There are 2 protein chains.
Amino acid sequence: MQRKNLGDMQCPIARSLERVGEWWSILILRDAFQGLTRFDQFQKSLEIAPNMLTKRLNALVESGLLERRQYSEHPPRDEYVLTERGRDFRPVLWALLAWGNKHFAPEGASVVLVDSETGTPADPIMVDRTTGRPLTELAFKSAPGPAADERTRRRHAARSPS
Amino acid sequence: MQRKNLGDMQCPIARSLERVGEWWSILILRDAFQGLTRFDQFQKSLEIAPNMLTKRLNALVESGLLERRQYSEHPPRDEYVLTERGRDFRPVLWALLAWGNKHFAPEGASVVLVDSETGTPADPIMVDRTTGRPLTELAFKSAPGPAADERTRRRHAARSPS
DNA sequence: CAGTATCCTGTCCGATACTG
DNA sequence: CAGTATCGGACAGGATACTG
């Protein structure tokens, strides 16, 4: 994610990608949601080179998605736990999961989402929180928000497909 | 996304990342949903180097997210339109948008989701399609699906935080 | 206008070796 | 066990020049 002009990235999607743009980061978060917390757990699960894991973990900590928690003093040992910001990332993973299952699992789903108590499979879709109306391509679009600058505003004005 | 063992990636999230793991890809899709279709529209909007744009567009076409559509014969000119697979990616963008707005927009949201007819802002959340129940961290977890192999099964068995 | 062709730099990433 | 240090390769990504 080496970009020249991070400053002008008003778009929230671009800003999100600044934090999780590298795909290792997302896989680490996925595993963190599975309950993994320790360095070697991640390493074994991901088969990632240790130096890369260090780098990605540090980046996630700096971005505030993971929190280092010392569980041993001598020697000093840390584990990595999700912060609130990290936990809020889960819908993105759910969306990726659903999309992957639909389009890239010809042999059937290998991982599904289930109700943790009943075990019933769930089928995640996005709705508007207040109305409960499903978000569909046609019914909803993105638009400049209250804090949009002139550039962002123009972007949207130029070509909104209705 | 140069990985040694793509073959053993049963995880649907990892498979998704194979297609959209590079952050330019996601930004291109974002713009495609804004209605952009042509090379120079993307280039101006993203300020991306033309060779990179070519590469990413080709990758998205190969992955079946975009479709090349010739709109001129002499000279041959293509535009890039979303396929169904590409359009199905939208929930991921919505999730990223919501997450970015919540966590990385101290000055307020610059881009929001609105009802395309009324203009009312929407607040996207994920629910189970059949029950309508909101997906929360505690109520739902991922689990091996019908097509899970032994490895995937063990992964989940090892440590499900209930 | 819609790209292709080169060249270059940074860094992502893997492999390996080492340390308390 | 939980990392750090170092090396090297591949490629993402940028800049620029060129073409029908």
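Side chains included, hydrogens not; waters and symmetry mates left out as well; all remaining heavy atoms used. Numbers restart at 1 for each chain; the letters A, B, ... are given by sequence-line order, proteins then strands. These numbers were taken from a predicted model, which means no experiment stands behind them.
Two rings, from B/W94 and A/F140, have their centers 6.0 Å or more apart.
Remark: A/E107 engages B/R15 in a salt bridge, criterion side-chain N to carboxylate O under 4.0 Å. Salt bridge present: B/R69 and B/E67 bring a charged side-chain N and a carboxylate O closer than 4.0 Å.
Comparing atom distances between the A/D78 side chain and each of C/dG3, C/dC13, D/dG3 picks out D/dG3 as nearest.
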Can you list the steps and then say if A/S45 with A/D31 is a side-chain hydrogen bond (donor to acceptor under 3.5 Å, both in side chains)? CA-CA 8 Å; A/S45 165; A/D31 278 2; 2.5 Å; yes
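Looking at heavy-atom distances under 4.0 Å, A/N51 makes contact with a base. Across all strands shown, B/F42 has no heavy atoms under 4.0 Å from either base or sugar-phosphate atoms.
Atoms CD (A/Q43) and C1' (D/dT4) sit 12 Å apart, rounded to a whole Å. Atom C1' of nucleotide D/dA12 and atom CG of B/L17 are separated by 16 Å, given to the nearest angstrom. Between B/W23 atom CH2 and D/dG13 atom P there is a gap of 6 Å when expressed in whole angstrom units. Atom CH2 of A/W24 and atom C1' of C/dG14 are 10 Å apart (whole Å). Taking atom CD1 on A/I48 and atom P on D/dG3, their separation rounds to 13 Å, with Å as the unit. Following rounding to the nearest Å, B/E47 (CD) and D/dT16 (P) show an atom-to-atom distance of 14 Å. Atom CG in B/D40 sits about 21 Å away from atom P in D/dT19, given to the nearest Å.
Comparing B/K44 and A/R77, the nucleotide of DNA chain C nearest to each residue sits closer to the 5' end for B/K44.
Closest approach of A/G86 and A/F33 over heavy atoms only: O-CZ, 3.4 Å.
In summary, of the residues considered (A/L65, A/L60, A/T37, A/L57), a side chain to side chain contact (heavy atoms under 4.5 Å, CB included) with A/Y80 occurs for A/L57 alone.
Contacts between residues 52-70 of chain B and DNA chain D, defined by a heavy-atom separation under 4.0 Å, are made by B/M52, B/K55, B/R56.
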